[in-house]
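The structure appears below as structure tokens.
Because only heavy atoms are used, hydrogens play no part in the values below, and waters and symmetry mates are left out as well, while side chains stay in. Please read these numbers as outputs of a predicted model, since none were measured by experiment. All chains are named by letter (A, B, ...) in the order of the sequence lines, taking the proteins before the strands, and each is independently numbered beginning at 1.
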2 protein chains.
Amino acid sequence: MARQREFDEDKVLDAIRDVFWEHGYEGTSYANIMAATGLQKGSLYAAFGDKRALYQKAIARYDAQIVSGAVKMLRNENLSPHIRIKNLMNGPVEAAGTREGRKGCLLCNAAIDQAASDKETENSVTLSINRLKDAIRFAVNDAAKAEHILAAYFGARVLVKAGMGKSTLEIIRNQTLLSL
Amino acid sequence: MARQREFDEDKVLDAIRDVFWEHGYEGTSYANIMAATGLQKGSLYAAFGDKRALYQKAIARYDAQIVSGAVKMLRNENLSPHIRIKNLMNGPVEAAGTREGRKGCLLCNAAIDQAASDKETENSVTLSINRLKDAIRFAVNDAAKAEHILAAYFGARVLVKAGMGKSTLEIIRNQTLLSL
DNA sequence: AACATACTTGACTAATTGGTCAAGAATAAT
DNA sequence: ATTATTCTTGACCAATTAGTCAAGTATGTT
């Protein structure tokens, strides 16, 4: 009945997710998004809405892809609790020092730079964090330990952003495993 | 020999620190800074330099005031190691849920939103973090534990930003103390 | 082939951004 | 009182910001 889209919506949303992931909400301009997606403003607005909506979609996508991946792993009973937490804490270890890794965790980034000032972001971030926390609790079967592991995980992500090296992150991972 | 300054430099620098603390680098505009300090752009430029320089001064001030305060407490041998770490972890507990507290930790905020893209910020943040880490190590007398406590501390700050309540932060504090 | 529909493009806007500068105002030394 | 020096003010600037829109283009249905 009408002209069809020329772009691959999944690829475009991935690109949008990546831009916000790396530069944050305020740090990302339309020029960045247009460059990353190859689309013009008009198409972006027509397809996804305004900047805030794009940011929300980026977070939702991160949740559906990255957080869900972690949750699935943490709930995999074929793996020992120890190995599941080790896998979780290996994320920051592998991220340390690399360009890609220093994008950090979008959840953590959004919490710091938007959650306190934007209710909608606060809601999405809270939901995702709780999903992750529940999965950790499922893995370690201890609510208090789960909170502590979650904190260590986010702290590790902050330290990677700050530029700390792999060896520091390995220590944090190992120390986290000792608490199990 | 010449006209004297009409403003109190300390108060102005505190105001600048607070604005960046609450809104981050990109989230802060000159309009914000002018409103917070009561000064005109010309005066700000003449006295402190450009926006980047203001941000650096804000971080330096946070280090000299807040980080130094924590370091001093952590190195106070009149307090037991347990009480010193408890004091540290009480920061996020008391911050949880309050408007003021949700400004978070400027160190942590700067790590997330500028350290990966601005070398100068990375340097200042790294220095401050290491100062804090060394003080924790001094308190607990264990390098690996110190790294882990630091991570839990930063993670706690992220969770406060995300909007988690006091009870969550209390659990994290208590769990951190258990690891001593 | 004609039409209805939806997509794409790029020019456009009003507001805001960080930053500059000249003119005037206040002060201390002479 | 004059002068040299520094501070303050607000107008100004070019660039960028997010967001709009009309015109043109492609497509599936009839």
Side-chain angles (χ1 to χ4, degrees), chain A residues 1-60 109-110 113-114 117-121 124, chain B residues 1-60 109-110 113-114 117-121 124:
Chain A
M1 251 239 209
R3 182 176 180 174
Q4 69 194 8
R5 282 210 175 130
E6 288 176 5
F7 61 85
D8 178 335
E9 189 166 316
D10 274 339
K11 277 187 188 158
V12 166
L13 285 171
D14 278 348
I16 290 170
R17 179 204 60 191
D18 287 341
V19 181
F20 281 120
W21 191 350
E22 183 161 5
H23 299 113
Y25 181 76
E26 305 277 8
T28 299
S29 75
Y30 260 92
N32 299 148
I33 300 172
M34 288 163 70
T37 61
L39 296 183
Q40 300 294 328
K41 278 187 195 180
S43 297
L44 288 165
Y45 271 88
F48 309 113
D50 66 8
K51 191 184 172 186
R52 208 92 226 173
L54 293 188
Y55 188 62
Q56 285 299 322
K57 288 195 194 305
I59 293 177
N109 300 354
D113 91 279
Q114 290 296 315
S117 56
D118 180 64
K119 265 276 167 246
E120 214 178 337
T121 300
S124 324
Chain B
M1 252 240 211
R3 181 175 181 175
Q4 68 194 9
R5 279 208 177 134
E6 289 175 7
F7 61 85
D8 178 335
E9 188 166 317
D10 274 338
K11 278 186 187 157
V12 166
L13 285 171
D14 278 347
I16 290 170
R17 179 204 60 191
D18 287 341
V19 181
F20 281 120
W21 192 350
E22 182 162 5
H23 299 112
Y25 181 76
E26 306 276 8
T28 299
S29 74
Y30 259 93
N32 300 147
I33 301 172
M34 288 163 69
T37 60
L39 296 184
Q40 301 294 329
K41 279 187 196 181
S43 297
L44 288 164
Y45 271 89
F48 310 112
D50 66 8
K51 191 183 172 187
R52 208 91 227 175
L54 293 187
Y55 188 63
Q56 285 299 321
K57 288 195 195 306
I59 293 177
N109 300 355
D113 91 280
Q114 290 297 315
S117 56
D118 181 64
K119 265 277 167 247
E120 215 177 337
T121 300
S124 324

(request) Applying ring-ring contact (aromatic ring centres under 6.0 Å, His included), name anything that partners B:Tyr25, two or more places apart in sequence or on another chain. (result)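 With sequence neighbours excluded, B:Tyr25 shows a ring-ring contact (aromatic ring centres under 6.0 Å, His included) to B:Tyr55, given in chain and number order.
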(request) Please name all residues satisfying ring-ring contact (aromatic ring centres under 6.0 Å, His included) with A:Phe48, sequence neighbours left out, ordered by chain then number. (result)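 A:Phe48 satisfies ring-ring contact (aromatic ring centres under 6.0 Å, His included) with no other residue.
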In whole angstrom, give the distance that lies between atom [atom1] of [X] and atom [atom2] of [N].
X       : N      : atom1 : atom2 : value
B:Tyr30 : D:dT16 : OH    : C1'   : 16 Å
A:Arg5  : C:dT5  : CZ    : C1'   : 14 Å
B:Phe7  : D:dT9  : CZ    : C1'   : 14 Å
A:Arg52 : D:dT17 : CZ    : P     : 17 Å

(request) Report the residues that fulfil side-chain contact (heavy atoms from CB on, under 4.5 Å) with B:Glu26, sequence neighbours left out, ordered by chain and then residue number. (result)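 Only A:Glu26, B:Gln114 meet the side-chain contact (heavy atoms from CB on, under 4.5 Å) criterion with B:Glu26.
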(request) State which residues pass side-chain hydrogen bond (donor to acceptor under 3.5 Å, both in side chains) with A:Gln56; sequence neighbours excluded, sorted by chain then number. (result)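 Result, side-chain hydrogen bond (donor to acceptor under 3.5 Å, both in side chains) vs A:Gln56: A:Thr121, A:Ser124.
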(message) Before you tell me yes or no, could you show the steps for A:Lys11 and A:Asp14 under salt bridge (Lys or Arg N to Asp or Glu O under 4.0 Å), namely the whole-Å CA-CA distance, both residues' side-chain angles and the distance that decides it to 0.1 Å?
(response) CA-CA 5 Å; A:Lys11 277 187 188 158; A:Asp14 278 348; over 6 Å; no
(request) Examine A:Lys51 relative to A:Tyr30 and say whether NZ or CZ is less than 6.0 Å from the centre of the six-membered ring and inside a 45° cone about the ring axis. (result)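 No - A:Lys51 does not lie over the ring of A:Tyr30 by the 6.0 Å and 45° rule.
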(request) Side-chain contact test, heavy atoms from C-beta onward, threshold under 4.5 Å: evaluate it for B:Asn109 versus B:Phe20 and give yes or no. (result)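 Answer no - side chains too far apart.
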(message) Please list, in numerical order, the residues of residues 31-51 of chain A that have a heavy atom closer than 4.0 Å to any atom of DNA chain C.
(response)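 Going residue by residue through residues 31-51 of chain A, the ones with a heavy atom under 4.0 Å of DNA chain C turn out to be A:Gln40, A:Gly42, A:Ser43.
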(request) Give, ordered by number, those residues of residues 9-25 of chain B having at least one heavy-atom distance below 4.0 Å to an atom of DNA chain C; if nothing qualifies, reply none. (result)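 Close to the strand, none.
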(message) Whether the side chain of A:Thr28 engages the backbone of A:Gly24 through a donor-acceptor N/O pair (distance < 3.5 Å, no angle test) should be reported.
(response)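 Present.
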(message) Taking the nucleotide of DNA chain C with the nearest heavy atom to each, does A:Glu6 or B:Ser29 sit closer to the 5' end?
(response)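 The residue mapped nearer the 5' terminus is A:Glu6.
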(message) Please confirm whether the shortest side-chain N or O distance from B:Gln4 to OP1 or OP2 of C:dA28 is below 4.0 Å.
(response)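 It does, given that an N or O in the side chain of B:Gln4 lies less than 4.0 Å from OP1 or OP2 of C:dA28.
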